Structures are given as C-alpha cells and as structure tokens.
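These numbers come from a predicted model, not from an experiment. Whatever order the structure lists them in is the order used to number ligands and atoms, beginning at 1.
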Amino acid sequence: MNKDVLVMIPGPTPVVESICQEMGRTVQAFGDPRFVADYKSLIDDLGALYNCSGVTFPLAGTGTLAMEMAIANTTKRGDNVLIVSNGFFGDRFIDICQRKGLNVDVLSAEWGTFVTPEEIDRKLSEKDYAAMTVTHVDTSTAVVAPIAEIGEVIKKYPNTVYILDGVAATAGEYADVDGMGIDVMFTASQKAFGVSPGMFILWAGQKALERRKTLGVIPEYFVDFDKWIPVMENPAKYFATPAVNLIWAMKESVRIIKEEGLKERAARHRKNADAIVKALESIGFKPLANADCRASTLTVAIYPEGVDDAKFRSTMYAEGVVCANALAAYFGKAFRLGHMGNITENQIVVGLSAVERSLKACGIDVEMGKAVGVYLSEIRK
Ligand SMILES: *Cc1c(COP(=O)(O)O)cnc(C)c1O
C-alpha cells in the first residue's frame, strides 16, 4: 500500500497542491513563447525578491552543483580561499576547493556554535583571499550564521568574494543580496522554496560578475556564468535544456513567497522554530544549536538518555512522518526535524505528535499531547 508520509527532513519539504499541479502540466517546448515569458518572469522576480542587481540563475541541478558554480566562477587554481564552517555542509566546500587546486584555510566552529565575525575579520586580514564561503544554516547542526554582520566585515576586503550557501535557509531565514554585501548566494528547490528536488537558484552580484571577467576561459562547462548569462537575459536562447516543469513549479513557489512577504515568512519560520524547540524540550530533548545561533528552518534535537535512534526513526516512519538522522559525531545521539518552506502548523502538530508516540515506543514515559500542547500555546502567543 502506498501511504502518505509527511516529509519533515531538511529537504525535500512538503510540496503544496498548487506547486504539484505545475509539475504535472503538459510540457512545452523550451522555445515556446509562453514558456520563455514564464522563465523570464521567474528570473526577474527572483532577482528583485532578493535585491540582486547582478544576474540570477535558476538552473537544473542540486545545491551541490550551485556550490561548484560559485567556486568555479570566482576563483582560479592557486587562489586562497577561506572556508567558514559551522558543520558538515561548510566542510563540503573543502573538498570542492581542494579538487580545484585552491589553497584552503578553514575556520571551524565546534558543532552547535558559530564562527564569529571577529574571528573572520582576523583571518581575512592575514592574507589575500579570493573568496570566502559561509553556510547560512548548516543542516548538520541547525546553526545560523550572522550573515549581515559578516557582510559588514567583508566591506574591508574588496578582493574577497563573499559566497553564501543558503541552501537550508533562503526563503526561510531572511537575506538581502546587495543590502548585506553578499556576492554569491544560492539555494535549491527542495528546501525552503517547497518545490521538488531538481533545481537550484544562484544569485551573482556585481563583484562576482567582475571577478568572472578576469578569469578568461574556465575549466568548468555547464556551470560557467558566461554560458548562461545570455540565456538569463533572453531565455529564448539555448545553452542547455531548462527544467520546464520545475521552472513553472518554482514560479508558483515565488508567487506564494511574494504573497506571504519575505520578512513575514522569516518571522513565521522564527516563531515556529522557537515553539518547536520549546515543545521538544518539554519532553526531554535538547537542541544541539546554542540559543544565540539557532536556525529557524530545522532543529537538531538530542535524545533524552536511553533512546535508540534507529527505533525512534523507524517508529516515526511507521507513524507517518519521516525525520532525518543526525550526522557525524551526533549520529545515533540526535535526530533532525525540518520545518521550513510551506509546512503548515497542522503538519507540525502531526510531526510533534509522532515524536511523542515514537519516544514512548522507545521506553520513555511521555505524557501524550504534552509537546503538541506546548507548541500550540507558544504559537498562539
Ligand atoms: C542540502 C544542502 C546542500 C546540498 O544540496 P543538494 O541539493 O543535496 O545537493 C548544501 N548546503 C546545505 C546547507 C544544505 O542544506
């Protein structure tokens, strides 16, 4: 039997009916004037929404490809790169950069904490860095980075391109590309945009575009800004086939985001996250991320003493909710609960109720309805 399982992993996130319908439409030729107009309006809307005066690239691929695109277009072999890492996804840039022959320096935070703007400032002053990578929300720790403050620091370093991985943040946490001094930002369709996997969006500001011009021919082909800029300016042009139905789905997602408002959407995420943390704490969980850097898009919750991770997560699944395992040193000790995008309060109630039942199945004495009650009273405050 095919049963509905609510996705509460940190992506894919729940996809609402109106977005599903766009994915199910009869396909059009990528040169069809109707599709060309749709693609153009998506590109323009995304640029305006995130205040990016450069070029916005909504393309086929995943968040990891966007990471590669960011590095490919702003650095060349032998350049120095600073990687600011608050967890697993921050570290992913190390491999990407080393394979490209970059000299990598890493500033890492202990899991659950963040690298401060002061530490970044000190490190940037040591040598000339071509680029710096920051992860807005690291999905392994649920730590959010202070991206605006980091944007202030980077103003002192005009040669350093500020690359922001917004994959688990953008459209949940607030961001403003030009306003925060971000030179490259990117996200993927399956996270807070609430679309199925298969697309990423990359915003490139003026500084990043200027940098690309200094690099000449780059080794990477599909992700080369120069290949895509003419298409982004005029989507009637062809470079590689656009993901037609996902572009429509993304367009519907942007319509929903604009209707809600970017700041209002961020406020909803914040309120939900704080209420979820209180709810989970009320039944014995502890959030991994410190209170001063807790993301609003997902929670990494450390189990109370004596809970078997595999049993907890398999019970969650049997109860109709899928959550994610924790990573690295926290594997087995915590689970990850995504609550970003178009997820509703009703769905969160279902998720928390499954958490209560799964905890009980693991032998913990839980009062049924406790976490749900805390969530509901917090969210109404
Ligand atoms: C999910 C995620 C990625 C990777 O995205 P994929 O679409 O899985 O390639 C990168 N960075 C962060 C912060 C993520 O959460």
Side-chain angles (χ1 to χ4, degrees), residues 7-15 57-72 81 83-97 99 106-109 111-112 114-115 131-147 150 162-175 182 184-203 220 222-223 243 246 249-250 253 269 273 288-289 293-300 322-328 330 334-341 343:
V7 279
M8 288 188 76
I9 58 173
T13 60
V15 180
F57 305 84
L59 301 178
T62 77
T64 306
L65 190 60
M67 295 172 87
E68 222 165 318
M69 186 170 187
I71 296 298
V81 174
I83 292 169
V84 176
S85 178
N86 297 328
F88 178 87
F89 284 100
D91 289 349
R92 179 167 281 193
F93 267 120
I94 300 173
D95 199 14
I96 292 173
C97 291
R99 282 167 185 237
V106 185
L107 271 178
S108 299
W111 277 32
F114 65 104
V115 178
M132 168 184 73
T133 69
V134 174
T135 312
H136 194 170
V137 170
D138 202 298
T139 326
S140 60
T141 56
V143 164
V144 61
I147 61 165
I150 295 171
Y162 178 8
I163 296 171
L164 183 67
D165 174 349
V167 179
T170 313
E173 302 281 351
Y174 185 72
I182 300 161
V184 178
M185 182 173 87
F186 54 85
T187 189
S189 53
Q190 79 276 19
K191 308 254 176 158
F193 274 78
V195 174
S196 286
M199 278 190 73
F200 68 84
I201 309 157
L202 184 142
W203 291 265
E220 298 82 359
F222 181 82
V223 294
L246 282 173
M250 190 68 86
S253 163
H269 277 77
L288 167 58
C293 56
R294 219 169 265 161
S296 68
T297 49
L298 83 153
T299 299
V300 184
V322 56
C323 61
N325 59 273
L327 299 174
Y330 283 90
F335 79 103
R336 294 181 300 150
L337 193 68
H339 35 78
M340 68 184 104
I343 194 162

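Close approach of ligand 1 to Val137 is summarised as follows: ligand atoms under 4.0 Å from at least one heavy atom of the residue are 13 (C). Residue Thr62 approaches ligand 1 through these ligand atoms, each under 4.0 Å from one of its heavy atoms: 6 (P), 7 (O), 9 (O). Every atom of ligand 1 with a heavy atom of Thr135 under 4.0 Å away is listed here by number and element: 13 (C).
Of all protein heavy atoms, the one closest to atom 11 (N) of ligand 1 is Asp165 OD2, 2.7 Å. Looking at atom 10 (C) of ligand 1, its nearest protein heavy atom turns out to be Phe89 CD2, 3.4 Å. Nearest protein heavy-atom contact of atom 14 (C) of ligand 1 is Lys191 NZ, 3.1 Å.
In this structure, His339 contributes its side chain and Thr299 its backbone to a donor-acceptor pair below 3.5 Å. The backbone N or O of Thr139 sits less than 3.5 Å from a side-chain atom of Arg336, completing a donor-acceptor pair. Side-chain N or O atoms of Ser253 include none that pairs as donor or acceptor with a backbone N or O of Val195 at under 3.5 Å.
Distances from atom 6 (P) of ligand 1 to the heavy atoms of Gly63, Ala169, Pro12, Pro197 show the closest one on Gly63.
Taking CG of Asp165 as the start and CG of Asp138 as the end, the distance is 8.0 Å to the nearest 0.5 Å.
The distance criterion of under 3.5 Å between nitrogen or oxygen atoms is met by Thr139 with respect to ligand 1. Residue contacts with ligand 1: Gln190 is placed with a nitrogen or oxygen under 3.5 Å of a nitrogen or oxygen of the ligand (distance criterion only). Not a single N or O atom of Val167, backbone or side chain, sits closer than 3.5 Å to an N or O atom of ligand 1.
Screening Ile150, Val81, Leu164 for a side-chain contact (heavy atoms from CB on, under 4.5 Å) with Met132, the sole residue that qualifies is Ile150.
Geometrically, Lys191 engages Phe89 in a cation-pi contact defined by less than 6.0 Å to the ring centre and at most 45° from the axis.
Heavy atoms from both the backbone and the side chain of Thr64 come within less than 4.0 Å of ligand 1.
Distances from ligand 1 to the non-hydrogen atoms of Leu65 include no value under 4.0 Å.
Contact record, Ala169 with Val137: CB-CG2, 3.7 Å, taken as the closest heavy-atom pair.
Ring geometry, Tyr330 versus Trp111: the interplanar angle falls under 30°, so the pair is classed parallel (tilted spans 30 to 60°).
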